[in-house]
Amino acid sequence: MSRIHFRHGIPGAVPSAWVIHPDAGSSGQPPVVAVHGLNRETEVMANLLAPRADVTGRTIILPIFDRTSWRRYQRAACKQRSDWALLSLLRVLRDDGVIGHGRPDLSGFSGGAQFAHRFAWLHPNHVAGLCLVAPGWWTFPDARASFPLAIGGGFNGREFRLRANLKRFLDRDIRVSVGALDVQLDRNLRQDPEVNAAQGPHRVARARRWSAAVIRAARRVGVQPRVSFELMPNCVHSFSDCVANARLDRAFVPDFTSQTQTLPFRGQDQLEKVA
């Protein structure tokens, strides 16, 4: 049975984390980093994901971006630089022999999915595959608007880096999932005219539009899109609900494959009505 260990961090520098070890010990496979939503229900996530450590033989890391040190962690390139904090955590875990040097897969739910795709965009060489589940809003591959809505804006380090990294960001497996019932306008869902006009009124519409935009951007820069889109049936905006009703844990902690997959885009029928 997998072992769940709490690892204390350094406030403001290295986040604390739950580390889930497979029962058989490290298999040398790259780890999976799983990032929480704004409610920070990391203990719930750890317990639901723990069986996958044994099934896949992969170590699972759940960083905890506490509200004091990383209040707006989901932006990654925020004032507190949660992206640097994750890099520091991974470096410490490698130095201590907890994980190897392979690039981790990165999964995120809600605010964690916001963080995950922005982190991978800023640091594409530090991430293998992405699993992005029901973020409230997205950074689009569009230079006509500024970060965090898109990758335009002034030529400061952040926005220039996003544009420069576009092709490398797109060249990976990207899974996008959202609950079919996740259309409620809850208090954590960003609502303003600019976001609604560009991305849609709710998480389902926004996930569809972002997936379609990423496919178009990949083709534009000569990258074969490796995107899958899943509308999870009977699921609301709840990690537990998505695991119970749609087996989200399997996508969140995927089986490791040493070869880059070149799967054709899946979910086209669910994106046909995207504007």
Side-chain angles (χ1 to χ4, degrees), residues 15 33 35-40 63 65-67 69-87 106-127 130-170 172 174-178 182 185-218 221 227 237 274-275:
V33 176
V35 187
H36 58 75
L38 295 179
N39 291 334
R40 294 167 168 83
F65 293 109
D66 64 80
R67 288 183 174 87
S69 296
W70 296 284
R71 181 168 172 261
R72 295 181 177 174
Y73 75 96
Q74 67 271 23
R75 296 197 180 197
C78 57
K79 182 178 180 180
Q80 303 91 351
R81 293 309 301 245
S82 53
D83 60 330
W84 294 352
L86 178 57
L87 290 174
L106 180 58
S107 300
F109 178 79
S110 192
Q114 289 187 48
F115 170 87
H117 82 289
R118 290 166 184 149
F119 177 91
W121 213 319
L122 289 163
H123 308 282
N125 294 336
H126 291 269
V127 178
L130 278 173
C131 177
L132 309 171
V133 184
W137 57 305
W138 302 78
T139 295
F140 273 64
D142 185 350
R144 293 172 295 180
S146 299
F147 184 86
L149 279 173
I151 58 174
F155 278 80
N156 59 42
R158 177 186 58 206
E159 283 137 334
F160 177 78
R161 187 171 183 175
L162 291 171
R163 293 197 290 277
N165 287 346
L166 177 60
K167 190 170 184 178
R168 285 183 292 168
F169 168 75
L170 295 169
R172 71 191 66 243
I174 302 175
R175 296 172 178 264
V176 178
S177 300
V178 62
D182 195 353
L185 306 185
D186 59 76
R187 63 185 180 87
N188 286 332
L189 181 65
R190 186 180 180 93
Q191 291 286 311
D192 62 54
E194 186 178 14
V195 172
N196 289 349
Q199 302 192 15
H202 48 65
R203 292 183 180 91
V204 172
R206 294 174 185 184
R208 282 189 173 125
R209 290 191 186 183
W210 189 83
S211 299
V214 165
I215 293 163
R216 291 193 298 268
V221 299
V227 179
H237 192 67
V274 175

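All figures in this text were calculated on a predicted structure; none of them were measured in a lab. Both backbone and side-chain heavy atoms feed into the values below; hydrogens, waters and symmetry mates do not.
Considering only heavy atoms from C-beta on, Leu132 comes within 4.5 Å of Trp138 through its side chain. Looking at heavy atoms from C-beta onward, Leu130 lies out of side-chain contact with Ser107 at the 4.5 angstrom threshold. Residues Leu149 and Gln199 are in side-chain contact: their nearest non-hydrogen atoms beyond the backbone lie under 4.5 Å apart. The side-chain heavy atoms of Ile151 and Asp142, taken from C-beta on, include no pair separated by under 4.5 Å. The shortest distance between side-chain heavy atoms of Trp210 and His117 falls below 4.5 Å. Residues Leu86 and Phe115 are in side-chain contact: their nearest non-hydrogen atoms beyond the backbone lie under 4.5 Å apart. Taking 4.5 Å as the limit, some side-chain heavy atom of Arg40 sits within range of a side-chain heavy atom of Tyr73.
Arg203 and Asp186 are joined by a salt bridge, as a carboxylate oxygen and a charged side-chain nitrogen come within less than 4.0 angstrom of each other.
Note that the OG1 atom of Thr139 and the CZ atom of Phe169 stand 8.5 Å from one another [nearest 0.5 Å]. Note that CG of Leu106 is 6.5 Å distant from CZ of Phe119, once rounded to the nearest 0.5 Å. In this structure, OG in Ser82 is found 5.0 Å from CZ in Phe65, a value given to the nearest 0.5 Å.
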Residue pair Asp192, Arg190: steps toward the side chain to side chain contact (heavy atoms under 4.5 Å, CB included) verdict: CA-CA 7 Å; Asp192 62 54; Arg190 186 180 180 93; 3.1 Å; yes
Candidate pair Val178 and Val133, rule side chain to side chain contact (heavy atoms under 4.5 Å, CB included), full reasoning: CA-CA 6 Å; Val178 62; Val133 184; over 6 Å; no
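If you check the side chains of Asn196 and Arg206, you find a donor sitting under 3.5 Å from an acceptor. Using modelled atom types, one finds a donor on one side chain and an acceptor on the other under 3.5 Å when comparing Asp83 with His123.
Counting all heavy atoms, side chain and backbone alike, Pro63 lies closest to Val35 at CG-CG2, 4.4 Å. The two residues Ala197 and Arg209 make their nearest non-hydrogen contact at O-NH1, 3.4 Å. Listed here is the closest heavy atom pair of Leu185 and Gln191: CD2-NE2, 3.8 Å. In this structure, Pro141 and Ala213 approach most closely via the heavy-atom pair CG-O, 3.8 Å. Residues Ala150 and Ala145 share a closest heavy-atom pair of CB-O, 3.3 Å. Closest heavy-atom contact between Gln80 and Ser69: CG-O, 3.0 Å.
Taking the six-membered ring for Trp and the full ring otherwise, the centers of Phe109 and His237 sit less than 6.0 Å from each other.
No side-chain donor-acceptor contact under 3.5 Å links Gln74 to the backbone of Leu38. Using a distance-only test at 3.5 Å, with no hydrogens or angles considered, a donor-acceptor pair links the side chain of Arg172 to the main chain of Val127. Not a single donor-acceptor pair under 3.5 Å links the side chain of Ser110 to the backbone N or O of Gly37. No donor-acceptor pair under 3.5 Å is formed between the side chain of Arg72 and the backbone N or O of Lys79. Side-chain N or O atoms of Asn165 include one that pairs as donor or acceptor with a backbone N or O of Trp121 at under 3.5 Å.
More than 12 non-hydrogen atoms from other residues, nucleotides or ligands lie less than 6.0 angstrom from CZ of Arg81.
Annotation: cation-pi geometry satisfied between Arg118 and Trp137 (NZ/CZ under 6.0 angstrom from ring centroid, within 45° of ring axis).
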